[in-house]
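Start at 1 and go down the list; that is how both ligands and their atoms are numbered.
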Amino acid sequence: MKSLPTWPARRAQLAQWYAGARRDLPWRRTTDPYAIVVSELMLQQTQVVTVIPYYERWLAQFPTWAALARAPKRTVLKAWEGLGYYTRARNLHALAKAVTKAGGELPRTEEGLRALPGFGPYTAAAVGSIAFGLPLAVLDGNVMRVLTRLLAMPDDISRPQTRARLQQVADQFLDWNRPSEHNQAVMELGATVCLPRKPLCLLCPLQESCEGRDRAEEFPVKSRAPQLKRTETVAVLCHGDRLYCEQVQGKPWHGLWRFPDFDPQRMDRGEVLATVRYGITRYSVTMEAVAATWKGRAPVSATVRYLAAEEIGAYAFAAPHRRLARLLMQS
Ligand code: SF4
């Protein structure tokens, strides 16, 4: 890769563009570190338009670290329901308890931020720069796309060595005087102009120095693991008009509610009632729901319930099981 003496010029072009093009998003109107952390965790792997109503409802329901720390886990998971990746909600809840216990303040160093639950390099850099003005360059999917295209970088971004190189490039690009604005500007460029497909290069402030512009969709280079198919069968066990549901103890949906797996040792199987398809990690899952009855007594414990249709909405369900509940209620 050739040396690039143009970073200061690119920085200035980007800053000028961002001043006129930045979207007015609710988390850009605050300097409250708590609100910034909430937005950053919600935005991980989730679209801005999806996050906005969740973010606003969350801050109305839990306006401070202390309010979130006091809330029961069930209420927190319910407020997060529909955003997916519930580990983020559990981490945020754990973080609120830790911050409240420590006096209500987040650490203001990269090292301190990296040690917090749910904080990887990206979140530490985003919160450190946006909430505290620390000169830390963010590297997320949007930033990687912009940088690999700017440099026409042919290396596979799923390799740790490529990520390390890209972090060096992001550090070089960073505006140390305005790290918050700069980081948000690169991410904004990736989200609104340097799009994964059909990037809007004619509107791009960096078009003149972009080495990958003529073949932008070739970047970033990423090797893809093949998707694996999986089928699973869940049981719909009724007691009158109530449905048997259980609370998950363990991954991937710890604390959420679901329909149980069909167990031929303990249940008799009836007809197929519904099919739901969903993706999780590397799997494409077909979930078949069958009517079932217990062979013996139904299990009784604190983590199982027979729920009526009107009660199901009050429980935080894993997304595919929420979809199944809706299908069952429609049928
Ligand atoms: S010129 Fe096109 S490919 Fe290059 S950074 Fe801008 S939008 Fe992305």
Measuring from atom 6 (Fe) of ligand 1, count protein N/O/S atoms under 2.8 Å, please. 1
Inspect the contact between R159 and D156 and indicate whether a charged nitrogen and a carboxylate oxygen are less than 4.0 angstrom apart. no
Does a donor on one side chain and an acceptor on the other come within less than 3.5 Å for Y278 and R323?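 Note: Y278 and R323 side chains miss the donor-acceptor criterion.
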So if I apply the side-chain contact (heavy atoms from CB on, under 4.5 Å) rule between V146 and each of L151, L14, L189, which one comes out positive? L189
Does NZ or CZ of R149 fall inside the cone over F219's six-membered ring, less than 6.0 Å from its centre and within 45° of the axis? no
With no hydrogens and no angle check, is any side-chain donor or acceptor of H93 less than 3.5 Å from a backbone partner on A71?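 Side chain of H93 to backbone of A71, a donor-acceptor pair under 3.5 Å: yes, one is there.
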Run the side chain to side chain donor-acceptor pair (under 3.5 Å) test against E311 and tell me which residues pass, sequence neighbours left out.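 Here the qualifying residues are R242.
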